[in-house]
Amino acid sequence: MSRAHNFSAGPSALPLPVLRKVQADLLNYRGTGTSVIEVSHRSPEFVDIAERAERTLREILAIGDDYWVLFMQGGATLQFAFVPLNLSRPGETVEYLYNGAWSGKAIREARRLRSVHIVGESQDSVPPPDSWIRAEFSKYLHITSNETISGVQFRKFPEQLDVPLVADMSSDILTRVIDVNQFGLIYASAQKNVGPAGLTVVIVRRDLCRPLEEGGSEYLNYRAHAERESMYNTPNTFAWYVAGLVFDWVKESGGVAEMQRRSIERSGRLYEVIDESNLYTNTIAPEFRSRTNVTFNLEDESLSADFLAQASKANIKHIRGHRLVGGFRISLYNAIECESVSHLINFMQEFERECAKK
């Protein structure tokens with residue numbers, strides 16, 4: 001059976017060259033006689049995997065030595081607690097921008113731990129920074145760079161802030177060129193553009209990582225993980241290994257700049273079809289539309305079940321919208337081939353033509 005055109009929001013498609021490399025290493029990693037998932041995290045083989053993964057990520061994102069790069073467990077959701085616990089103290093104020101479901105979850109967790117000030121709110125756009133109502137003496141400002149559920153994305157990040165900028169980049173890291181130095185901390189769960197689920201990449205400025213305070217949890221301390229080279233406890237070795245292969249693939253494919261070019265091309269083609277259609281609708285203003293998660297509805301919602309059924313027959317998978325909003329969602333992460341986008345577009349146009357005949 002041919003591989004499906006997989007538009008899953010996560011766990012998402014992985015590059016085929018990476019999957020082939022994983023397949024080769026699964027039974028016998030580099031002549032060790034053991035699978036790559038059986039190699040000890042303390043062995044020279046895995047230490048080499050870990051070091052190469054970090055080295056390549058630093059290269060493709062131009063991460064300086066003043067930042068730690070951590071490979072952690074718990075998903076981005078665990079970082080909703082890590083960030084306030086490490087970058088602020090009890091009683092201090094932290095700032096958050098609300099622009100969708102995931103930023104809302106980050107806010108709810110932070111409110112359990114700290115005093116949270118909301119600088120702006122929107123469900124279907126990114127409020128411009130000059131409209132934000134800022135708090136005095138806050139410790140950081142948190143944004144979600146791309147909201148996967150609604151399909152809203154920052155086009156440009158705020159500059160010259162008086163506090164560290166913290167960004168959840170789970171769904172668009174490595175898809176766009178960024179200046180890491182704009183941020184105090186970036187975190188991203190792996191299962192969209194980095195690798196399998198179960199790994200989270202954290203890029204954090206060293207000076208923001210305080211030593212463990214009395215009464216605090218050592219596990220919930222960035223410095224504790226950094227000083228142990230992300231091996232405070234046994235890491236997700238398989239996800240870390242695959243992430244390294246993905247970083248290599250990005251580098252060999254032209255780097256993040258090329259990933260950005262492809263992202264703009266893929267999403268632009270799909271939005272053009274939606275905008276020219278009488279059947280498909282997207283309500284997000286063009287300047288806020290996500291390039292990695294294209295959302296849309298059908299003008300006639302009674303056709304939705306048939307659309308899904310016909311898509312499945314066409315080997316197009318995982319396009320149902322998030323349960324919170326319904327509709328449809330096409331996730332265009334780095335591993336999505338242009339051929340898959342063309343196949344989807346052809347299907348959508350043919351489906352609309354057939355509906356028009358009825």
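Under 4.0 Å is where a charged nitrogen must lie from a carboxylate oxygen, and between E350 and R353 at least one such pair does. A salt bridge is absent between K105 and D168; no separation between the charged side-chain nitrogens and carboxylate oxygens falls under 4.0 Å. Using a 4.0 Å cut-off between a side-chain N of Lys or Arg and a carboxylate O of Asp or Glu, E258 and R261 qualify as a salt bridge. Between E51 and R55 there is no salt bridge, since none of the side-chain N atoms of the basic residue sits less than 4.0 Å from a carboxylate O of the acidic one.
When atom types are taken as modelled, the side chain of N334 and the backbone of L174 share a donor-acceptor pair closer than 3.5 angstrom. Side chain of T34 to main chain of V39: no donor-acceptor pair is present (N/O by atom type, distance under 3.5 Å, no hydrogens or angles). For the pair S263 (side chain) and M259 (backbone), a donor-acceptor distance under 3.5 Å is absent. No donor-acceptor pair under 3.5 Å is formed between the side chain of Y187 and the backbone N or O of V204. Counting only distance, with no hydrogens or angles, the side chain of S312 and the backbone of L308 share no donor-acceptor pair below 3.5 Å. Counting only distance, with no hydrogens or angles, the side chain of R329 and the backbone of T148 share a donor-acceptor pair below 3.5 Å. Side-chain atoms of N146 do not come within 3.5 Å of backbone N or O of S171 as any donor-acceptor pair. Under the 3.5 Å distance criterion, the side-chain polar atoms of R58 are matched with a main-chain donor or acceptor of G64. Side chain of S40 to main chain of R42: a donor-acceptor pair is present (N/O by atom type, distance under 3.5 Å, no hydrogens or angles). Judged by distance alone, the side chain of S277 and the main-chain N or O of V273 form no donor-acceptor pair under 3.5 Å.
Taking 4.5 Å as the limit, every side-chain heavy atom of V325 sits out of range of all side-chain heavy atoms of T295. Inter-residue side-chain proximity for Q191 and P196 is flagged as unmet; no heavy-atom pair is nearer than 4.5 Å. Counting heavy atoms from C-beta outward, V201 and F71 have side chains that approach closer than 4.5 Å. Looking at heavy atoms from C-beta onward, V36 lies out of side-chain contact with T237 at the 4.5 angstrom threshold. R223 has its side chain within reach of P211: a pair of non-hydrogen atoms, C-beta onward, lies under 4.5 Å apart. E229 has its side chain out of reach of E54: every pair of non-hydrogen atoms, C-beta onward, lies at least 4.5 Å apart. Looking only at side-chain heavy atoms (C-beta outward), M72 and L199 stay at 4.5 Å or farther from each other. Taking 4.5 Å as the limit, every side-chain heavy atom of S12 sits out of range of all side-chain heavy atoms of H318.
Cluster membership for I336 and Y271, using ILVMFWY side-chain heavy atoms within less than 4.5 angstrom, is shared.
Contact record, F7 with V341: CZ-N, 4.3 Å, taken as the closest heavy-atom pair. Annotation for I186 and M169: closest pair CG2-SD, 3.8 Å, computed over non-hydrogen atoms. Heavy-atom minimum distance, I60 versus V256: O-CG2, 3.5 Å. H117 and T93 make their closest contact through CB-CG2, 4.0 Å (heavy atoms, listed as atom of the first residue, atom of the second, distance). Shortest non-hydrogen contact noted between G244 and A53 is CA-CB, 3.7 Å. For A13 against A335, the heavy-atom pair with the smallest separation is O-CB, 3.4 Å.
The CG atom of L87 lies 10.5 Å from the NE2 atom of H142; values are rounded to the nearest 0.5 Å. Atom CG of residue D248 and atom OG1 of residue T56 lie 4.5 Å apart, to the nearest 0.5 angstrom. Separating the SG atom in C209 from the CG atom in L70 is a distance of 7.0 Å, to the nearest 0.5 Å.
Residues in residues 147-182 take part in these ring pair (Phe, Tyr, Trp, His ring centres under 6.0 Å) pairs, two or more places apart or across chains: F154-F157, F157-F183. Residue pairs meeting the salt bridge (Lys or Arg N to Asp or Glu O under 4.0 Å) criterion with at least one member in residues 59-78, sequence neighbours excluded: E59-K251. Residue pairs meeting the side-chain hydrogen bond (donor to acceptor under 3.5 Å, both in side chains) criterion with at least one partner in residues 70-88, sequence neighbours excluded, are Q79-Y222, S88-R114. Within the structure, side-chain hydrogen bond (donor to acceptor under 3.5 Å, both in side chains) pairs that include any residue of residues 128-140 comprise E95-R134, E95-S138, Y96-Y140, R134-D162 (at least two apart or interchain). Residue pairs satisfying the ring pair (Phe, Tyr, Trp, His ring centres under 6.0 Å) criterion with at least one member in residues 23-65, sequence neighbours excluded, are listed as follows: F46-W240. Judged as a salt bridge (Lys or Arg N to Asp or Glu O under 4.0 Å), the pairs with a partner in residues 20-31 (not counting sequence neighbours) are, in order, K21-D25, R30-D48. Applying the side-chain hydrogen bond (donor to acceptor under 3.5 Å, both in side chains) rule to pairs touching residues 173-186 yields D172-R176, D179-N181, sequence neighbours excluded. Residues in residues 192-208 take part in these side-chain hydrogen bond (donor to acceptor under 3.5 Å, both in side chains) pairs, two or more places apart or across chains: R205-D207. Pairs passing the ring pair (Phe, Tyr, Trp, His ring centres under 6.0 Å) check and including a residue from residues 293-317, sequence neighbours excluded, read Y280-F296, Y280-F307, F296-F328, F307-F328, F307-F347, F307-F351.
Remark: E218 engages R228 in a salt bridge (Lys or Arg N to Asp or Glu O under 4.0 Å) (not counting sequence neighbours). In this view, H343 and H5 satisfy the ring pair (Phe, Tyr, Trp, His ring centres under 6.0 Å) rule, not counting sequence neighbours. With sequence neighbours excluded, the residues satisfying side chain to side chain contact (heavy atoms under 4.5 Å, CB included) with S125 are S122, F288.
A donor and an acceptor atom, one from each side chain of Q260 and R262, are nowhere located under 3.5 Å apart. Counting only N and O atoms by type, the side chains of K317 and S8 include no donor and acceptor under 3.5 Å apart. For E147 and S290, the side-chain atoms include no donor-acceptor pair closer than 3.5 Å.
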(request) Go through the steps for R52 and L245 under the test side-chain contact (heavy atoms from CB on, under 4.5 Å), then give the verdict. (result) CA-CA 9 Å; R52 285 190 296 111; L245 297 182; 5.8 Å; no
(message) Applying side-chain contact (heavy atoms from CB on, under 4.5 Å) to Q123 and Y98, what does each step give before you reach the verdict?
(response) CA-CA 8 Å; Q123 281 277 27; Y98 174 81; 3.0 Å; yes
(request) Run the numbers on K357 and E354 for salt bridge (Lys or Arg N to Asp or Glu O under 4.0 Å), then give the verdict. (result) CA-CA 5 Å; K357 293 177 183 178; E354 291 298 317; 3.3 Å; yes
(request) Run the numbers on T292 and L332 for side-chain contact (heavy atoms from CB on, under 4.5 Å), then give the verdict. (result) CA-CA 5 Å; T292 57; L332 301 175; 5.5 Å; no
(request) Start with the C-alpha gap between L14 and L19, add the side-chain angles, then the distance that decides, and say whether side-chain contact (heavy atoms from CB on, under 4.5 Å) holds. (result) CA-CA 7 Å; L14 286 166; L19 291 175; 3.9 Å; yes
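Applying the side chain to side chain donor-acceptor pair (under 3.5 Å) test between N293 and each of S150, S267, S331 identifies S331 as the sole match.
Within 6.0 Å of CD on Q23 lie no more than 12 heavy atoms contributed by other residues, nucleotides or ligands.
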